[in-house]
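Here the structure comes first, spelled out in structure tokens, and everything after it is commentary.
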2 protein chains.
Amino acid sequence: MRGRSDVLEPAILGLLHESPMHGYELRKRLNLVLGSFRALSYGSLYPCLKSLVERHWIEGTESVVAPHTVASKRARIVYQLTADGKEHLQQVLASSGPAAWEDENFDVRFAFFGQTDAETRLRILEGRRTRLTERLETIRQSFARTRERMDEYTLELQRHGLEQVEREVRWLDGLIDNERGLRRTRPAGTGRPTAADTPAVDDDVAPARTTEKERG
Amino acid sequence: MRGRSDVLEPAILGLLHESPMHGYELRKRLNLVLGSFRALSYGSLYPCLKSLVERHWIEGTESVVAPHTVASKRARIVYQLTADGKEHLQQVLASSGPAAWEDENFDVRFAFFGQTDAETRLRILEGRRTRLTERLETIRQSFARTRERMDEYTLELQRHGLEQVEREVRWLDGLIDNERGLRRTRPAGTGRPTAADTPAVDDDVAPARTTEKERG
DNA sequence: GTTAGCATGTAAGGAGTTACATGATTTT
DNA sequence: AAAATCATGTAACTCCTTACATGCTAAC
């Protein structure tokens, strides 16, 4: 029943580090960072905030805003990081163990790359790439093994899933190249990390580069 | 603590309808159908099987396989649908309410389109499309509102998420066209439903065609 | 003869959801 | 005056996971 989470907690700390906020506002921002754009419920958020306060990583101050302001509602509790909280966040953001590139955590970690050092960024991106490459291998094998026995729709579902992961790998390739400063043949552009442009789908993915199994 | 699920249950029933199986084998097949290729744990599977037996939708018969066969292990419990179970499955597969096209359920429903009638298939595909189109709108709005205040990485995360949903919509477009029998200008080919070929990304998506809010 | 894979389960717990409860403020 | 939105919270529940417990069979 307590709100201790592994995805939610770093996300909250990361957002509060960017700027202090009250719960209701936090929730909206959270939905963008948490990936897949699902709506986080208050039943998760407030207990988690409570638990963070108890552990002295954040503190909430009741702030009654002047009633003529644009956003002038009821007395709100604005949360901000404590010194302990900032320290803890830096520690979390510096970690680059396998947990960082698993499905549940990767999006949140990526969202706070702006507060993460370059070396850690690269390790996480490469770990993620290796993880997806392994998955690709698994899918392809089961694909080859069971292709005959499958009907049209199951086949299409798998084909589509495979394609999505392949696309994800190419996205990561672009990001990794960018991190290494090798910004290919595309000088100025939009300013965002350039994904690979090649329209081809079936290029072989590189072999695994990072080790798994160290459970940090 | 009982294994009653909403995703797992139909998936099990659907697979057992294709052919009777024991739990261990079921698990492997399940991972392909459940989407995103995560490994389902036995701690979920067996309690769910138990509960399905209790409700008389499946029945398990202990089958000791001859010990010289390729797959010849310990006495296994082979599960198959009962008459009740078949009836229930048909009822589930015939339903095309909003639940069918939500994230959690869509993949499973799609995987069993081979056992679903054409009308229901089309309704689910269109419902899914409308759902994703709405999400696209939400993302684009928050994108436009907060673009300035966001750093490089948060921006890239959102851009990538947006692109994924756009791609998903185009995939659905191809499937819907296929279901309508309009198979565009691509005669023979591979036999699989042809996704749209257009490399352009920013075509406007059609307005909502199906109604939400009927919870049934 | 021991490791790896097959096979079936249970108990405890984690991470979230929905539904409920309350009340202020803004818009229609 | 009603409806929508802002704002904070709790209780009960769901779905799934991890860790445990057991034992058989195949391969090295």
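Proteins come first, then strands; the chains are lettered A, B, ... in the order of their sequence lines, and each starts at number 1.
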Checklist line | D103(A) and R135(A) ion-paired at < 4.0 Å | finding: yes
Check: If you check the K50(A) side chain, which of dT10(D), dC16(D), dG9(D) turns out closest?
Finding: dT10(D)
Checklist line | Proximity of F112(B) and Y153(A) rings by center, below 6.0 Å | finding: no
Check: Where the side chain of Y24(A) is defined as all heavy atoms beyond and including C-beta, which of dA7(C), dT10(D), dA7(D) is the nearest nucleotide?
Finding: dA7(D)
Next item on the list: Over 60° means perpendicular and under 30° means parallel, so classify the ring planes of W57(B) and H88(B), tilted if in between.
Entry: parallel
Checklist line | Side-chain heavy atoms of L155(B) within contact of F143(B), under 4.5 Å | finding: yes
Next item on the list: Among dT10(C), dG16(C), dA7(D), find the nucleotide with the atom closest to the side chain of P47(B).
Entry: dT10(C)
Check: What orientation do F106(B) and W171(B) show, parallel under 30°, tilted 30 to 60°, or perpendicular over 60°?
Finding: perpendicular
Check: Which nucleotide in the set dT10(D), dC16(D), dA7(C) lies at the smallest distance from any side-chain heavy atom of R76(B)?
Finding: dA7(C)
Notebook entry, point to check: Hey, are the side chains of R129(B) and E168(B) touching, using non-hydrogen atoms and a 4.5 Å cut-off?
Noted result: no
Checklist line | Given DNA chain C, 5'-ward residue of the pair L45(A) and E25(B), judged by closest heavy atom | finding: E25(B)
Provide a list of protein-nucleic acid N or O atom pairs under 3.5 angstrom, restricted to nucleotides 18-21 of chain C.
none

